[in-house]
Amino acid sequence: MGKKNKSVLVVGAGIAGIQASLDLAEMGLNVHLVEESPTIGGRMPQLDKTFPTNDCSMCILSPKMSECARHPNITVHTMANIDSIEGDPGNFNCKIIEKAKFVDPDKCVACGLCEEKCPVKIDDEFDMKLRKRKAISRYFLQSIPSEYTIDQEHCLYLTKGVCKICEKVCEANAIKYDDVDKEIELNVGAVIMATGIDAFNPIGFGHFGYKRFKNVVTSLEYERMLSASGPLGGHVVRASDKKEPKSLAFIQCVGSRDDSIDKNYCSSACCMFAIKQSIISKEHIKDMDISIFNMDIRAFGKDFDKYYEKSKSTYDVQYIRSKVSDISELSNGNLRLKYVLENGEIRFKEFEMVVLSIGLEARKNMQDFAAKMDIKLNKYNFCRSDGFAPLQTSREGIYVCGGMNGPKDIPESVVAASGAVANSVKFLEVERQDIKEEGTNEKNVIGDRPRIGTFVCHCGINIAGVVDVKNVAEYAANLPNVEHSEDVMYACSQDFLDLIKDRIKEHDLNRVVVAACTPRTHEPLFRETIAEVGLNPYLFEMANIRDQCSWAHMNEPEKATEKSKDLVEMGVAKARDLSPLKRLPIDIGPGALVIGAGLSGMTAALAVAAAGQKVYIVEQEKKSGGNLRKIFFQPDGKDPQKLLQDTIKKIEEHENIHLFTNTVIDKIIGYVGNFNTSIQNLETKECTNISHGAVIVATGANEHKTKEYQYGKSTRVVTQVEFEQMLLNKDFPHGKFKNVVMIQCVGSREEGRMYCSRVCCTKAIKNGLELKKIRQNVNIFICHRDIRTYGFREQYYTDLRDKGSVFIRYSPENKPKVELLDSTDPDSKLNVSAFDPILDREIIIDADLVVLSTAIDALEENDILAKMLKVPLNADGMFLEAHVKLRPVDFATEGVFVCGLAHGPKDIDESIAQSKAAASRALTFLSKKAILAEGTITEVDISKCSGCAYCVDVCAYSALEIDPEKEVVVVNDALCKGCGACVASCRCGALDLRGFSNRQLHSVFDALELT
Amino acid sequence: MVKELQEKVKQLFKDKKVDMVIGWRKGSLPLSSSPLFINKIEDVDNLIFDETCQNNLAVYITKDKRRLVKDGKKIGVIVKGCDARSLVLYCVEKQIKRENLVIIGVPCKGVFDKRKVMEQVDNKEVLGFSVNGKEVTIKGQEFEKTLDKFEIASDSCQSCVYPDAPVFDEFITEPRKEKPDIDEFAKVDKFEELSLDDRWKKITDEYSKCVRCYACRNVCPSCYCNVCFVDQNDPQWIGKSPEITDTIIFHLIRNLHVAGRCVECGACARACPEGIDLLLLNKKITKEIKERFGYTAGINIDEKPAMQSYCENEKQDFIMG
Amino acid sequence: MSDWQPKILAILCNWCSYAGADLAGVSRLQYPPNIRVVRIPCSGRVDPLFIMKAFQTGYDGVLVSGCHPGDCHYLSGNYFARRKFAVIKPLMEFIGLEPDRLQFSWVSAGEGERFSEVVTKVTKDIQKIGPITKMVKGV
């Protein structure tokens, strides 16, 4: 192996780029995150809600954004592009061009005054041009970095040499008209590409009248309309008459699954996107009539089908199987849709508004970009990757994630990002890092009388323009324990930060209160500042008198001043009771335990071992390989058995991997970094104890055992897995072999198993294509409910259809019927009858073989393992991740991860990506010798604890446990996240939350004299 | 019935199924009973069960759990419905292991509220009583008075729908198949009909009687914190003076601390020297929890307590729309 | 009385409602200046004592706001909080406290406008009732 490097480049700062950067940074690597736009965040900030939980998109993203921006190992380059990448893996030389921003980011305090006064209005891309922005602006309200930038193409001064208003109004002197592009050279070991995806532009497409008809919008425009922070404030009205639409049509597959425009692929996310938008729309406008025109509903992800069903049962969304052929606009602005039903019948329906569910496509500049980067593209201009190496580009050392190599939803992008990180590790120096001891030079303030310094910020005129800042500072000076109080122009500017340090020394301050903007963005900065002069960072409190006062009460200066005084007084009250907090180090032991030696487990093990860690794989079967042992073909022609043999060989040869087959887990105790597991060999009964720092659950799943469709009664009814074996052996029923009927969704998507098993459509089609290769003349009939060949799998669906196979859609109320011609003879031929909606009548097929696409079942023993690991299962018995969107392989319980079928049905490429992701997430812990616990965590006074364990129940992180000896609760500092739910559940007062303690909050509630 | 009870307890001792049994004995004062701790068969003959057995014997399990329950010893407890619910609560709250308990149910027909009886007999000295169906005859030195049993029953019994132990190992006679046909929340509903200000007035009038003796807390089977919140002083949430808001907050917080845990035994109200109607607020909470979450405290050991669980889609009419 | 302005304690969770309040400010949405905000990590941290103490101190109203169900940064804190609110609110009304004095809401980080609407509504509601007389110490 060549050179290894401490630095890594991530291109694109959408959710995938952010996730990759955070994982790498946590492994101790120096990350350069390059982003073309002025902010990190990518597409997610544009979304209102996310499916299938209706989580607020911005709520879940913004903590990740700020974590990324604040991380000491991450350098963010916004408005920057990659110019070139030269050299070899481990030693790439990259040239980056950072565009001129014309605003000095060190001076800009994002007060927004410039934007208010700027005379130039331009279309706001973030709001899909539904709103205007100014030539000096911030990309969106929660942009990170928050500093403003000037649009070079539109700024009057930069284009015509006149105006300069922003410079005049900027009190921070941040405007820099002479700013120039910068060239930056970096040496990195690997590159992770996450440049994202574009949305299809439907101008002139079909007969949908986009941009001609006012009330036809794209799904992205509609998303902004639904968003509370969007141009309509979340109150959807149509453009023509500003009235709430009472009927809405979604047209699916606009720019997807359409060979005529070279897009013979499925965009994967639009069905769910439309379902989400209909549910949210119905929540906004209860009596809205919503129809979704679709070819298939592809709700193939985890818990997606439940969401789809809910949209029908609870929200009464109508699904119409049909292609819309034409839209015409009526004089009242309504739209008349012409559409063709499956049976050929032409229908018309009027809607007040139409949403085009636009597809996802490769970024516009992909060809140039690929040429520059020397990576190959597929025929749709997405970055090319391989089914068995889904995160690798054609150039070694450069990895891909997110939408760049194919349509993906958010969790898949996050998985790919972490997975790509695992791939890149082999060219990077990942070493077990020490943590920096915190607070070694800290001043001891315990027992000292509080000496509080208060600093009231003008924020230019942002605060001072409304609030009488001097008056507030004087008021604060007279509060008990306040030793020093002053007002300052910009609290967050470097000169002030120096001043605060001087004042601490000068007045021997031991608590600091800053009245300024919001602690959510600025508290870390001030904490760092006071720590620099030896004050514990937690001896700091903020009063938010800008975002929550001066900006919200601009026309009531006196009341705003009064409120500011109160807020400062409350802040001082809390400050008085603050105590120094320590983030305690928690030792992290090396090594991972992987449970399950299927493809996922083995892939995860290899990825963890690649970073120099020991891995123990425990497999209850006698042989490793899991379900992959039963897969012999892939639609792209790749050989799964070769993959299996290669993987097994790598595992066997790897010196750091210990595989225990025929072995079960007896007991797991401990927590992140400190697990201790005893395993037992089923044959020898020999027990082994293993110490490890992390756990990866890769226990897989089972094929569902059905009793439907004469399975078990007829030798001619087999499952897809059995059929695949027949294909391998070319061992078909004797005699005439003419008609094969496949039945989809056997056990899936119905009562008791209300989920899509995801792989069966592609598997059926794959096996169909394979059969056609061997027996060209066999007729294949596929009875299905929806064909869910998402992404590039669509191609295989088209292929099999082109080969003359017949697809018959059935409804769950009217399933196909399979009968033995001679019910006494298990070898007898079969009659399959089904209703064909295209022919609009029942058909009977004389079948020589019936192949059932049976569901994927969760393992029954998941339950036992889940209890041992203190992690949850979902209603279907699959392991439930910490967050379905942004933490797809993590559990709330730290140090435990999940991948593969144990998490939910998925294909080989997806299992590989997810296993690598789980490995990468595990490495974020294992690459440290210790981690720091949160400072603000729960503490116990055992003398008050009655051991009732109520707190144990409310903790989402399994951070609390009852000590069986002492019968009192113990908090695991490593797992506590500091939410305080346990504290509020404790009637005995035995628990308290550091930093938000009962005493501190009591003082705050009691601070003001109100009576 | 008492004979049967005594025989059963003796049998339990003989079969070594219990190491100790807690029951009631005749009290030294008329209309009262005392707890009886039975360690050997001979003591069983003192065992009684009648309308004077107000005490919730479950309290002896938690408050002294470290003394009584040692080394897997088994304790039998003779219980009315409410007492049994306390035991269930203790199992849920890990105060005792179910396998260390032998729950012996007795058919409760309500217990006397001594205060009500004394009122009826003008506080004359009572020497004895006899029960005849729905009537009770109270005997004194120079009088005999027959009273309606329901009238002199404890408030908690008047609205009780779980007179028999919902969970038990032994039951003396048979537990009743049907729940009593009683509107358990009648008083709550009636109070809700009052105007806002009338309610406030009634509550303040009632609670201004409170002398903060904490008898209600001390006797409550669900109150077993090592240090009650009202006695904690860092921070001191509640003033110790008899200031009315402090008093009300004390009671409200106590109500909330037993939310989803109150077994409605009425011990608090019977213990209150000022006769404050302490059940009303508890009942209100019990009603909300029952209606909203379908939960009743002390019925099922395996059910997560109401405040320790949630449903994602439950009704949230109290959240601004 | 005419120039009386209610003072309202707003207890906001850090991740959603406090962020929503910030967004309202960043968007320059105007709402009445009557609230005094206390930031806590999660609505699950809310102890009924907080609410009692606020009334006793003399706040004319209390608003508690957290993440929408399903959005909790700590996964389930708001669900447990909701169970508490489900009991506290009826209990306070039961003893005769004016219902509008104690209000609960869900405001997400993206709902600046909703935050300003919530505060406007709560302030108006409490203005209508007048100064607090029940629960407050010394009255």
Side-chain angles (χ1 to χ4, degrees), chain A residues 48 53-60 62-63 112 141-142 227-229 233-234 518-521 544 546-556 559-560 562-563 566-567 570 882-883 892 936 954 956-957 977-981 983-985 993 996 998 1001-1002 1004-1011, chain C residues 5 7 9 14-16 18-19 21-42 44-50 53-54 56-60 67-68 70-77 80-81 84 108-114 116 119 136-139:
Chain A
D48 176 35
T53 50
N54 290 354
D55 266 10
C56 154
S57 185
M58 210 44 222
C59 298
I60 57 176
S62 49
L141 288 173
Q142 299 99 331
S227 170
S229 56
T518 171
R520 290 176 54 255
T521 55
N544 185 340
R546 187 185 76 175
D547 304 45
Q548 297 185 6
C549 189
S550 67
W551 279 350
H553 318 303
M554 297 172 83
N555 308 318
E556 297 169 281
K559 285 177 183 158
E562 188 203 336
K563 178 172 171 179
D566 284 353
L567 292 175
M570 291 159 82
H883 191 276
T936 49
V954 303
Y957 304 96
K977 296 276 162 233
C979 67
V983 180
S985 80
L993 181 63
F996 293 92
N998 284 326
L1001 291 172
H1002 176 271
V1004 174
F1005 298 138
D1006 206 28
L1008 305 183
E1009 274 301 322
L1010 297 177
T1011 49
Chain C
Q5 281 295 331
K7 276 206 179 154
L9 187 76
N14 180 55
W15 301 95
C16 288
Y18 194 90
D22 280 347
L23 181 62
V26 174
S27 319
R28 307 297 196 276
L29 298 167
Q30 303 296 296
Y31 55 83
N34 303 59
I35 57 160
R36 302 295 177 262
V37 172
V38 177
R39 183 172 68 119
I40 51 167
C42 174
R45 172 72 183 91
V46 175
D47 189 306
L49 278 163
F50 297 1
K53 185 76 221 170
Q56 206 183 27
T57 303
Y59 283 99
D60 301 291
C67 306
H68 286 272
D71 282 3
C72 180
H73 181 78
Y74 301 104
L75 310 166
S76 55
F80 292 111
K84 285 203 186 74
S108 79
E111 293 178 326
E113 189 164 344
R114 183 175 161 80
S116 74
V119 173
V136 52
K137 202 161 193 162
V139 173

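Each chain gets a letter, A, B and so on, in the order its sequence line appears, and its residues count up from 1.
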Using side-chain heavy atoms (C-beta onward) and a distance below 4.5 Å, is P41(C) in contact with T936(A)? no

Under a 4.5 Å heavy-atom cut-off, does chain A meet the side chain of I35(C), its backbone, both or neither? both

For M570(A) against V38(C), the heavy-atom pair lying closest together: CE-CG2, 3.6 Å

Roughly how far, to the nearest 0.5 Å, is the CZ atom of R39(C) from the CD atom of Q548(A)? 9.5 Å

Side-chain touch I40(C)/L1001(A), heavy atoms, less than 4.5 angstrom: yes

Taking every heavy-atom pair that is under 4.5 Å apart, which of V1004(A), N544(A), L567(A) has the most such pairs with chain C? N544(A)

Can you tell which part of D60(C) gets under 4.5 Å to a heavy atom of chain A, answering side chain, backbone, both or neither? neither

Pick one of side chain, backbone, both or neither for R114(C), based on which atoms fall under 4.5 Å of a heavy atom in chain A. neither

Pairs of heavy atoms under 4.5 Å with chain A: top-ranked of C67(C), P32(C), S76(C), A19(C): A19(C)

Below 4.5 Å, heavy atoms only, C-beta onward: do M58(A) and L23(C) meet side chain to side chain? no

Looking only at K559(A), M554(A), Q142(A), most heavy-atom pairs under 4.5 Å shared with chain C are made by M554(A)

Going by heavy atoms in the side chains, are D566(A) and K7(C) under 4.5 Å from each other? yes

Can you give me the closest heavy-atom contact between G44(C) and A984(A), atom names plus distance? O-CB, 3.2 Å

One option among A882(A), G980(A), A552(A) has the most heavy-atom pairs under 4.5 Å with chain C, and it is A552(A)

Find the one option among G77(C), A109(C), A81(C) whose heavy-atom pairs under 4.5 Å with chain A are most numerous. A109(C)

Side-chain contact test, heavy atoms from C-beta onward, threshold under 4.5 Å: evaluate it for K977(A) versus L75(C) and give yes or no. no

Here the pair of heavy atoms bringing K84(C) nearest to S985(A) is NZ-N, 4.3 Å

Give a yes or no answer on whether the side chain of H553(A) reaches the backbone of Q30(C) with a donor-acceptor pair at less than 3.5 Å. no

Largest heavy-atom contact set with chain C, pairs under 4.5 Å, which of G978(A), G234(A), A1007(A), S57(A): G978(A)

From D22(C) atom CG to L141(A) atom CG, the distance as rounded to the nearest 0.5 Å: 11.5 Å

Where does E113(C) contact chain A at under 4.5 Å (heavy atoms): side chain, backbone, both or neither? side chain

Heavy-atom closest contact (G25(C) atom, W551(A) atom, distance): O-CB, 3.3 Å

With a 4.5 angstrom heavy-atom cut-off, which part of L29(C) approaches chain A: side chain, backbone, both or neither? backbone

For chain A, which of R36(C), H68(C), H73(C), K53(C) has the most heavy-atom pairs under 4.5 Å? R36(C)

For D48(A), enumerate each residue passing the side chain to side chain contact (heavy atoms under 4.5 Å, CB included) test, keeping only those at least two apart in sequence or located in another chain. E223(A), L226(A), S227(A), I280(A)

Mind listing the closest non-hydrogen atom pair of R45(C) and F996(A) along with its distance? NH2-O, 2.8 Å

Give, for atom CG of N34(C) and atom CD of E562(A), the distance between the pair rounded to the nearest 0.5 Å. 8.5 Å

Report the option among A54(C), S108(C), S27(C), A24(C) that has the most heavy-atom pairs separated by less than 4.5 Å from atoms of chain A. S108(C)

Could you measure the distance from the SG atom of C72(C) to the CD1 atom of I60(A)? Nearest 0.5 Å is fine. 13.0 Å

Using the ring of each side chain (for Trp, its six-membered ring), is F50(C) parallel, tilted or perpendicular to F1005(A), with breaks at 30° and 60°? tilted

Pick whichever of N54(A), V954(A), T518(A) has the most heavy-atom pairs under 4.5 Å with chain C. V954(A)

Please look at V26(C) and chain A and tell me whether the side chain, the backbone, both or neither of the residue comes under 4.5 angstrom of a heavy atom of that chain. both

Is R520(A) reaching over with its side chain to a backbone N or O of Y18(C), donor-acceptor style, under 3.5 angstrom? no

Measure P48(C) against the heavy atoms of chain A and call it side chain, backbone, both or neither at under 4.5 Å. neither

F80(C): partners by ring pair (Phe, Tyr, Trp, His ring centres under 6.0 Å), with sequence neighbours left out: Y310(B)

